[in-house]
Each structure stands twice: as structure tokens, then as C-alpha cells.
S.K.: 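Below are the C-alpha cells for one structure; questions will follow.
Since the structure is predicted, the reported quantities are computational estimates derived from the model, not experimental observations.
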There are 2 protein chains.
Amino acid sequence: MDAYEYIKDAIIEGKFVPGMRLAEESLAKKMNISRTPIREAIRQLEAEGLVIPLKRGVSVRHFTKDDIRQIYDLRTLLEGYAASQAAIHRTESDLLKMESANILYEEAISGHVESNMESLKDIVQVNQKFHEAIVAASKNEHIHFHISKVVVVPIVFRSFYWYNSFQLKQSLEVHKTILDAIKNREPERARIAMHEHIYQGRDHVLKHLEQIKNIHLLKEEGK
Amino acid sequence: MDAYEYIKDAIIEGKFVPGMRLAEESLAKKMNISRTPIREAIRQLEAEGLVIPLKRGVSVRHFTKDDIRQIYDLRTLLEGYAASQAAIHRTESDLLKMESANILYEEAISGHVESNMESLKDIVQVNQKFHEAIVAASKNEHIHFHISKVVVVPIVFRSFYWYNSFQLKQSLEVHKTILDAIKNREPERARIAMHEHIYQGRDHVLKHLEQIKNIHLLKEEGK
DNA sequence: ATTTAATTGTTTGTATACAATAAGTCAATA
DNA sequence: TATTGACTTATTGTATACAAACAATTAAAT
């Protein structure tokens, strides 16, 4: 599904901004295909919650601070559960995958130049790889489905954009703590470490949204 | 979306059995519409996980015992969380909704004749109303999305089919316990009561699947 | 000048036609 | 007899055409 990727990427990178209406015809023209595959892509994105239905057509979803808080609460619940289950069910091969993901994460961080989109994409992707390795180790094949819905990629992507190199290294350390707990088969410790990890991510996002709001307020005053 | 309802109902009531392939053309002919809305309905059902993609087309999903175990584990996690949050955030109006849902539940149970599809549908619907009232009281608007995916309607529907009137009354009592905990603002008690409620549902389903399997094994021997 | 009616235009929803691809069948050969 | 290959059929994926619904704009009337 190519149209799907196209639209999703545009939303993630902020090219299609929240609230923007998505007209099928114009998207079709832009991609040189017919409306049919565009419609299917839009229905898909609707199911994922990235666009919301209007009376006529759809628009890019805007995530409020409450949305983000609530979504992160659920992500904490789900990923915490995944981590605790991983601590119970993990195999040696699972551990290898998590470790290698963490090594890649370390490399991606050290090779990262701030505000470089490409290296940022790498970091986001490798970070996801670590989290997915934990989900795989939990041996509950259905968790993935839910976590994928609770990891709102547009938000997560921006959150990494806002990390400085020290904070990135810090998150690597937390990864190692989680990995240790899973390796030592300590479900509760794994869950708590994961909770903490994701709550930090949430607060990071919320703090920056607050700042952005303030900038906008200043602009309003300036008019 | 009418085609969606049609296909979903057929799956829920077992008219389209697990593993059965869904051909667009034949569905379209059966409903006297074109393939276009059929396709959209199928994509929707795919996103919900009720049908699974084949190399070509889709087939009705078969839920294994492991699937059901894993899905119920997640449902326990999510609904337990919802109950605990409801105990914190519930308003008086939330309580009224839960109570009225429970009264309707009681009526539906007492008016139910075993194996009567219509009264069964009522029970399932009213039960859902109670659970949704709790979700609403939790004040996390995103929980609903996830719980709707973890409440696999075909399975839940059958599970109610297998309940006798005593078991139905018993589940009503558990509802009352959950409601009490929420009313008294006891999050942990609410969560635990909900956990127990859903785990009972899970075991009920698994027990009956076991029986069905045994019946099939007997048939095999009979050949 | 403001509100209502009507008409025009734009965009989505559905049907149909065509293209592409997977599956099934039959024949030929080892 | 089994297996491979060409060919036929069936089914999905995409494009286009048409119908329906909504929005917007203009004209008329109070």
C-alpha cells in the first residue's frame, strides 16, 4: 500500500498539519494514481486514528495534551505488562535481540547530529526495535497490535527531535536497566522500569508542548 | 456502512465460519451492491482483526485457544485499569448510568429463555453497556478504542450462549461488586473485582472450547 | 440590509470496466 | 505415474464514469 505510506509519512513529518483536510482528488493527482487506492489508505489511517472523519471527508488528527496524557497512560500500562511478561517468558534468543537492538541504539545516538532528520529516523527506528523485541519476548502476539496503536508515531517522532544528546544517553541507560530486569527474570522490576521510562517520555512531550503553546501565545500578543 | 454490518453479523452468528474465504464478487451479488462497498467493509474488518489477509483475498479468522488466552489477558489488563480509574474519576452521573445498565441486565437475564437468539442479543448488548459505562467513567477516551479490539464479539457472543441462568445471575452479582467498589472510590478493589470477572469469562470460554474439541475428536473416531 | 430560495459547483459514494496476478487445469515428457 | 510447463479461468486491484450529497454563492423578496 503505497498511498498509505505516502500520507502517513506526510502526517508524521508534519507536512500535513493537524486539522488539515485531506481531499481525495488532490491527493490522487499529487500521486498520479486514481482515487480508489487513496480511499483505501484513508480508511486505514482512520482505523489507526491518525485522521478523523468529518461530515465530508477526513482531516489530520490533532492530539491535545489530554489525548497525549491518556494515550501515554495506556502505553505505560501495555508496555509495562509486556516487560513483565518478557521477564517471565524470555528465551536466550530474545535476550540477544534486545541486546543487539541496544547496541544499535548506542551507535545511532553517538553518530547523531542534532536536527539531522536522517540520523533521527535511525534513532527512532532502532528505539522501536528494542521495544518490539520486548513485546516479542512477552510471547503475547496480540500486544503488538495494541502497542502499535498507542505509539502515536507523529508524537514520538517529534519527541525524539526534542531530545538532546545527554537525554538520549540517559534513555539508553534506562533501556539497559529494563534489559537487566528481564535477563534476571524480575517481572515487577521490569514493569516498573518500563513505567518510568515511558512516563519520562510523556513528560518530555508535555513539557515541549507547553513551550510551543507559550511561543504561540507570545506571537498572539505580538500582533 | 451496511455491508460491514452484514458481514460482521454473519461472522458473529457463525454463518461465516472460521477459515471460510470471503470472495468479493459473491458477497456483492448476495447483497445486490457493487464490489466497492464490500471492499471497504472487508478492509475495516481486517483492521479489527475479524478477518485475516490471504495471498489473495481474506478469510474469517480462526481464534485458537492461545489467541483467546492472550486476548483475554489484555482485556483483563485494560478493563481492570478502566475500573480502577473509574473508581477515581467517576461522577454521580456515571454511577447512575452503571446502575441503570445493571438493572437492564437483571431484567434481560430474568426474561431470557435459553438458546433464544433474540434475548441473548439483548443480554450481550446490555452487558456491554455496563462495561462501557465503566470505560466512560474512567475518563480516558482512548481506552474504548483498545477494549473494543480486545472484546472479540464472536467469542463473547458464543460465551453467553453457553451460560446457564445461574451463571448469568452470578455475573450480575460480580457487576454489583464492581459497582460498589467504584461507588466507594476503591480503585484496587475495583480492579481486582474486574480482573476476577473477566478471568471467569475467559475460563468459561476455554472450558467450552475444550468440550467442542472433544466432540470433534469423537466424530473423527466415528468415521 | 438581511434573510430565504434556488441554482451552481465541488467532493464524496457507488457502480462498472479494465488490467494484473494468482490459481487451477490439462497435456506432454521423463 | 509423477512432474513440469503452457494455457485457461477466476479473483483481486486500479481506473474511470456516474449518481448523490453537501457547500457555497447569487438573486429575490421582505
S.K.: Record whether the side chain of A/Arg56 comes under 3.5 Å of the base of C/dG13 through a donor-acceptor pair of N or O atoms.
M.R.: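 Looking at the base of C/dG13, it does not pair with any donor or acceptor on the side chain of A/Arg56 (distance under 3.5 Å).
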S.K.: If you check the B/Ser34 side chain, which of C/dT16, D/dA15, C/dG13 turns out closest?
M.R.: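 Of the candidates, C/dT16 comes closest.
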S.K.: Does D/dA23 have OP1 or OP2 sitting under 4.0 Å from an N or O in the side chain of A/Arg21?
M.R.: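 False: A/Arg21 side-chain N/O out of range (4.0 Å or more) of D/dA23 OP1/OP2.
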S.K.: Start at the 5' end of DNA chain D and walk down; is the nucleotide closest to A/Lys55 or to A/Thr36 reached first?
M.R.: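 On the 5' side of the pair lies A/Thr36.
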S.K.: Would you say the side chain of A/Asp203 lies within less than 4.5 Å of the side chain of A/Tyr72, judging by non-hydrogen atoms?
M.R.: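 Heavy-atom side-chain distance check fails, nothing below 4.5 Å.
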S.K.: With a 4.0 Å cut-off, would you call A/Glu46 and A/Arg43 a salt bridge?
M.R.: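 Salt bridge present between A/Glu46 and A/Arg43.
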S.K.: Tell me, do B/Asp73 and B/Leu77 make a side-chain contact under 4.5 Å, heavy atoms counted?
M.R.: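 A side-chain contact is absent here, since even the closest heavy-atom pair is not under 4.5 Å.
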S.K.: Quantified as the angle between the terminal helix axes (five pairs each), what is the overall bend of the helix from C/dA1-D/dT30 to C/dA30-D/dT1 to 10 degrees?
M.R.: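 Answer for the end axes of this duplex: 10°.
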S.K.: Using the side chain to side chain donor-acceptor pair (under 3.5 Å) rule, collect all pairs that involve residues 9-21 of chain A, keeping only residues at least two apart or in two chains.
M.R.: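 Of all non-adjacent pairs touching residues 9-21 of chain A, those that pass side chain to side chain donor-acceptor pair (under 3.5 Å) are A/Glu13-A/Lys121.
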S.K.: Examine C/dT12: is either OP1 or OP2 under 4.0 Å from a nitrogen or oxygen in the side chain of A/Arg35? Give yes or no.
M.R.: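 Indeed not, no polar side-chain atom of A/Arg35 lies that close.
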S.K.: Quick one: label A/Leu22 by what it contacts on the DNA or RNA (base, sugar-phosphate, nothing), any heavy atom closer than 4.0 Å.
M.R.: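 Sugar-phosphate contact only.
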S.K.: Among B/His112, B/His131, B/His175, which residue satisfies the ring-ring contact (aromatic ring centres under 6.0 Å, His included) criterion with B/Tyr105?
M.R.: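 Going through B/His112, B/His131, B/His175 one by one, the ring-ring contact (aromatic ring centres under 6.0 Å, His included) with B/Tyr105 is satisfied by B/His175 alone.
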